[in-house]
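This report concerns only the one structure given below.
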Amino acid sequence: MNITIDSDGGQIKSKIVIIGAGISGVATAFLLNKLGYDITILEKKKEPGGSIETVFENGFVFDKGPNSALETTPLIGQIVMELGLTEQLVYANKEANKRYILKNNQLHPLPMSPPAFLKTKLFSPAAKLRLMAEPFIGRSKDGYYQSISEFVTRRLGREFLDYAINPFVAGVYAGNPEELSVKSAFPKLYELEEKYGGLITGTVRSIRERKKRAEKSKQSAKMLSFKDGMQVLPKTIVKHLGNKVKLECEVTSIQKTEKGFQVNFIQNGTQQTIDCNKIISTIPAYIAVDLFSHFDDGLAKHFNEIYYPPVLVLFLVYKKEDIKRPLDGFGFLIPSKEKKSFLGAIWSSVIFPNRSDYDKASFTLFVGGARNPEIRSIDKEILIGKVKKEFEDIMKISGTPELQTYKYWSKAIPQYNIGYIEHERYFDEFEKKNPGIILSGNYRGGISVGDCIKNAEVLCQRIISNL
Ligand SMILES: Cc1cc2nc3c(=O)[nH]c(=O)nc-3n(C[C@H](O)[C@H](O)[C@H](O)COP(=O)(O)OP(=O)(O)OC[C@H]3O[C@@H](n4cnc5c(N)ncnc54)[C@H](O)[C@@H]3O)c2cc1C
């Protein structure tokens with residue numbers, strides 16, 4: 001093996017190639033580099049970030065992918081500090097704590113306290129009573145093959161699924177609760193039942209345990225971004241890593257060699273190669289299929305079965321004076337029962353103010369996902385026209401947008417659907433049979449930016465203990 005000896009500690013380090021400079025790739029690279037590993041990142045595009053992409057439109061920050069991240073691990077703050085990004089860091093405005101759900105064309109605040117829950121018109125009295133029965137419901141048998149929809153209906157009732165979980169799942173995965181596996185897509189939620197016997201009891205007890213580990217739940221974690229948008233983070237990591245990152249280098253094939261691997265890539269139209277001992281892939285499953293399937297006969301099936309629905313992200317700016325409803329929250333999500341053309345809207349300028357003129361309000365709308373994958377074949381201008389009309393109606397907006405722009409992701413977010421465990425187990429087996437290849441990225445271990453960063457840390461620990 002082509003192992004190099006670290007000059008200062010005499011520690012053994014190997015040469016690692018990381019494919020992809022999305023958040024999974026750059027966070028892994030940042031941590032391994034800190035530990036002294038000899039790393040190179042190869043990224044196909046001109047800029048790092050992958051799904052994290054920020055542009056400036058007429059002075060407005062438009063995040064085409066994630067608009068924020070949840071600070072679920074202290075590692076995020078630590079990386080931000082080490083990169084000298086504290087000045088750029090922004091936390092969500094307190095006003096953004098309030099979230100709305102659409103029901104009968106009205107926006108209802110999602111109740112955040114027991115008295116608010118008792119008062120809300122979002123759920124019927126019968127649904128409220130049904131929810132209170134949750135602690136008395138027994139455990140389910142098989143989590144991996146249970147959809148979120150089955151799990152929630154059994155524990156909390158159908159109305160809670162329709163008016164809380166269905167829109168929530170659309171907000172996180174752009175997903176469908178009938179198809180997503182509760183244990184793979186929301187492992188923490190499932191754990192509450194498995195470990196503590198129920199969601200209400202489990203929530204109370206797990207809060208105490210998380211406090212001890214200095215971790216934050218997704219519900220209590222602070223929401224963050226950067227003054228100049230989310231792409232600041234991957235861009236700054238790449239700047240920090242200097243010539244260890246090669247942009248505009250598309251990996252085209254990988255071969256096993258006597259000493260490890262040869263990674264072939266195209267840079268400026270020229271074929272190049274790099275030798276290494278370890279490869280960390282952070283590219284999406286539908287691209288990894290072309291690079292890794294020749295190592296194992298069964299792998300392609302698993303990569304190909306991971307479903308990435310399309311999502312269109314629409315950015316709109318209006319004059320505040322044209323908006324007749326108060327802008328006092330994070331935005332709203334739409335249950336599928338409400339039969340609208342979009343999934344929900346983030347009130348961007350409320351969450352992160354001071355990014356736009358005080359007399360304007362900006363919004364980010366999400367369209368499509370697993371709920372409406374047919375957006376693939378719909379004319380985008382016609383679709384946007386319909387979405388805008390519905391949005392303006394809900395928000396009581398009288399004028400036309402001052403700015404309108406969009407990004408269409410043909411394959412947006414991997415869906416951890418029922419049976420996903422088969423893929424997860426196969427990838428684990430594949431790595432055991434093919435030492436030196438690590439399959440990472442958002443189709444393993446969670447899709448959120450925070451999960452990708454946490455996974456990078458787990459991966460580094462695995463690498464340290466392997467060597
Ligand atoms: C519309 C949208 C909204 C989202 N909203 C949120 C949110 O609000 N909060 C949140 O936490 N998460 C959100 N997410 C999810 C989160 O952004 C992603 O799961 C995460 O950024 C994925 O990071 P990754 O590094 O695993 O993969 P990617 O970002 O997909 O990165 C993979 C990288 O690999 C590169 N690549 C591909 N092929 C090759 C090749 N052959 N050679 C070299 N490089 C290659 C790509 O160019 C890319 O840069 C959202 C995602 C989308 C799409």
Side-chain angles (χ1 to χ4, degrees), residues 17-29 40-54 62-72 76 92 170-175 218 221 223-225 230-231 233-235 237-238 245-254 263-267 274 279-292 308-315 330-331 343-344 346 348 351 364-369 406-416 439-456 459:
V17 166
I18 298 169
I19 312 175
I23 192 66
S24 299
V26 296
T28 307
T40 300
I41 309 189
L42 300 172
E43 164 57 48
K44 172 167 79 171
K45 292 197 199 145
K46 227 190 238 169
E47 288 190 353
S51 304
I52 304 181
E53 199 180 323
T54 311
F62 171 32
D63 265 310
K64 298 179 176 184
N67 279 240
S68 59
L70 291 176
E71 202 172 21
T72 45
I76 300 181
V172 177
Y173 274 87
K218 286 191 171 141
M223 183 179 285
L224 61 86
S225 181
M230 285 295 289
Q231 209 182 348
L233 184 59
K235 275 187 172 171
I237 296 181
V238 161
V245 186
K246 295 186 187 298
L247 299 173
E248 292 185 270
C249 290
E250 180 174 2
V251 176
T252 50
S253 64
I254 298 161
V263 180
N264 306 309
F265 61 98
I266 294 181
Q267 186 175 32
I274 185 168
I279 294 173
I280 301 175
S281 165
T282 68
I283 57 183
Y286 56 86
I287 299 177
V289 67
D290 295 330
L291 296 184
F292 294 99
Y308 289 74
V311 170
L312 184 143
V313 184
L314 176 62
F315 187 69
F330 178 84
L343 303 171
I346 289 177
S348 310
I351 306 169
T364 310
L365 281 64
F366 297 87
V367 190
Y406 76 92
K407 162 84 184 184
Y408 175 66
W409 299 93
S410 62
K411 292 180 176 186
I413 297 173
Q415 303 293 301
Y416 290 27
L439 301 175
S440 177
N442 66 352
Y443 62 89
R444 289 186 88 186
I447 58 135
S448 73
V449 170
D451 284 340
C452 293
I453 293 175
K454 278 201 249 182
N455 287 336
L459 203 159

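Numbers here are sequence positions counted from 1. Order of appearance sets the numbers: ligands from 1, and atoms from 1 within every ligand. None of these values were measured; they are calculated from a predicted model.
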**Spatial distance of atom CG (Leu291) from atom OG (Ser253) [nearest 0.5 Å]** = 7.5 Å
**Request:** Taking only heavy atoms of Gly49 into account, list the atoms of ligand 1 that are under 4.0 Å away from them.
**Result:** 29 (O)
**Message:** Test your reading of the structure: does Lys64 have an N or O sitting under 3.5 Å from an N or O of ligand 1?
**Reply:** no
**Prompt:** Is Pro48 in contact with ligand 1, taking contact as a heavy-atom separation below 4.0 Å?
**Reply:** no
**Item:** Candidate with minimal heavy-atom separation from atom 52 (C) of ligand 1, of Ile413, Ile453, Ile266
**Value:** Ile413
**Message:** Under a 3.5 Å threshold, yes or no: a donor from one side chain and an acceptor from the other, between Thr252 and Asn264?
**Reply:** no
**Proximal atoms of ligand 1 relative to Gly65 (non-hydrogen, under 4.0 Å)** = 1 (C), 2 (C), 3 (C), 4 (C)
**Prompt:** If hydrogens are left out, which of Val313, Leu42, Ile23 has an atom nearest to atom 23 (O) of ligand 1, that is, the closest non-hydrogen atom?
**Reply:** Ile23
**Request:** Evaluate the ring planes of Phe62 and Phe315, with Trp represented by its six-membered ring, and classify them as parallel (under 30°), tilted (30 to 60°) or perpendicular (over 60°).
**Result:** parallel
**Asked** Name the one of Val245, Val238, Ile237 that satisfies side-chain contact (heavy atoms from CB on, under 4.5 Å) with Pro48?
**Response** Val238
**Distance from atom 30 (O) of ligand 1 to nearest protein heavy atom, with residue and atom** = Ser51 OG, 3.7 Å
**Prompt:** Among all protein non-hydrogen atoms, which one is nearest to atom 24 (P) of ligand 1, and what is the separation to 0.1 Å?
**Reply:** Ser24 OG, 3.4 Å
**Item:** Pairwise distance CD(Gln231) to CD1(Ile52) - rounded to 0.5 angstrom
**Value:** 8.0 Å
**Request:** For residues Glu71 and Ala221, report the shortest heavy-atom separation together with the two atoms involved.
**Result:** O-CB, 3.5 Å
**Prompt:** Any idea which atoms of ligand 1 are less than 4.0 Å away from a heavy-atom of Gly20?
**Reply:** 33 (C), 34 (O), 35 (C), 44 (N)
**Message:** With a 3.5 Å distance limit and no angle check, can you tell me whether Asn455 reaches the backbone of Arg444 through a side-chain donor-acceptor pair?
**Reply:** yes
**Subset of ligand 1 atoms that lie under 4.0 Å from at least one heavy atom of Ile287** = 37 (C), 38 (N)
**Item:** Selection from Val449, Thr282, Leu291 by shortest heavy-atom distance to atom 32 (C) of ligand 1
**Value:** Thr282
**Request:** May I ask you to list the atoms of ligand 1 that are less than 4.0 angstrom from any heavy atom of Asn67?
**Result:** 8 (O)
**Under 3.5 Å: donor-acceptor pair, side chain of Glu47, backbone of Lys235** = no
**Fill in**
heavy-atom search around atom 48 (C) of ligand 1 in the protein gives Glu43 OE1, 3.4 Å
**Item:** Which residue and heavy atom of the protein sit nearest atom 41 (N) of ligand 1, plus the separation
**Value:** Val251 O, 3.1 Å
**Asked** Under the 3.5 angstrom rule, does the side chain of Ser68 hit a backbone N or O of Leu224 as a donor-acceptor pair?
**Response** no
**Item:** Residue, atom name and distance, where the atom is the protein heavy atom closest to atom 7 (C) of ligand 1
**Value:** Pro66 CB, 3.4 Å
**Request:** For the pair Tyr406 (side chain) and Leu365 (backbone), establish whether a donor and an acceptor sit closer than 3.5 Å, ignoring hydrogens and angles.
**Result:** no
**Message:** Side chains of Val251 and Ile283, heavy atoms from C-beta outward: is any pair under 4.5 Å?
**Reply:** no
**Message:** Using a 4.0 Å cut-off to any heavy atom of Ile19, which atoms of ligand 1 qualify?
**Reply:** 42 (N), 43 (C)
**Request:** Report yes or no: does a heavy atom of Cys249 sit under 4.0 Å from some atom of ligand 1?
**Result:** yes
**Item:** atom 16 (C) of ligand 1: nearest protein contact (heavy atom, Å)
**Value:** Ile447 O, 3.4 Å
**Prompt:** Under 3.5 Å, is there a donor-acceptor pair between the side chain of Thr364 and the main chain of Ser348?
**Reply:** no
**Fill in**
When distances are taken from atom 36 (N) of ligand 1, the protein heavy atom at minimum range is Ile283 CG2, 3.5 Å
**Item:** Residue Gly50 vicinity, atoms of ligand 1 by number, heavy atom under 4.0 Å
**Value:** 29 (O), 31 (O), 48 (C), 49 (O)
**Prompt:** Which of the atoms in ligand 1, numbered in the order shown and given with their element, are less than 4.0 Å from a heavy-atom of Lys45?
**Reply:** 47 (O)
**Asked** With only distance considered, is Glu250 within less than 3.5 Å of ligand 1 through an N or O on each side?
**Response** no
**Asked** Closest non-hydrogen protein atom to atom 44 (N) of ligand 1, residue and atom name please, with distance?
**Response** Lys44 N, 3.1 Å
**Message:** Tell me whether Lys411 forms a cation-pi arrangement with Tyr286, defined as NZ or CZ under 6.0 Å from the six-membered ring centre and within 45 degrees of its axis.
**Reply:** yes
**Asked** Is the side chain of Tyr173 donor-acceptor paired with the backbone N or O of Tyr416 at a distance under 3.5 Å, no angle test?
**Response** no
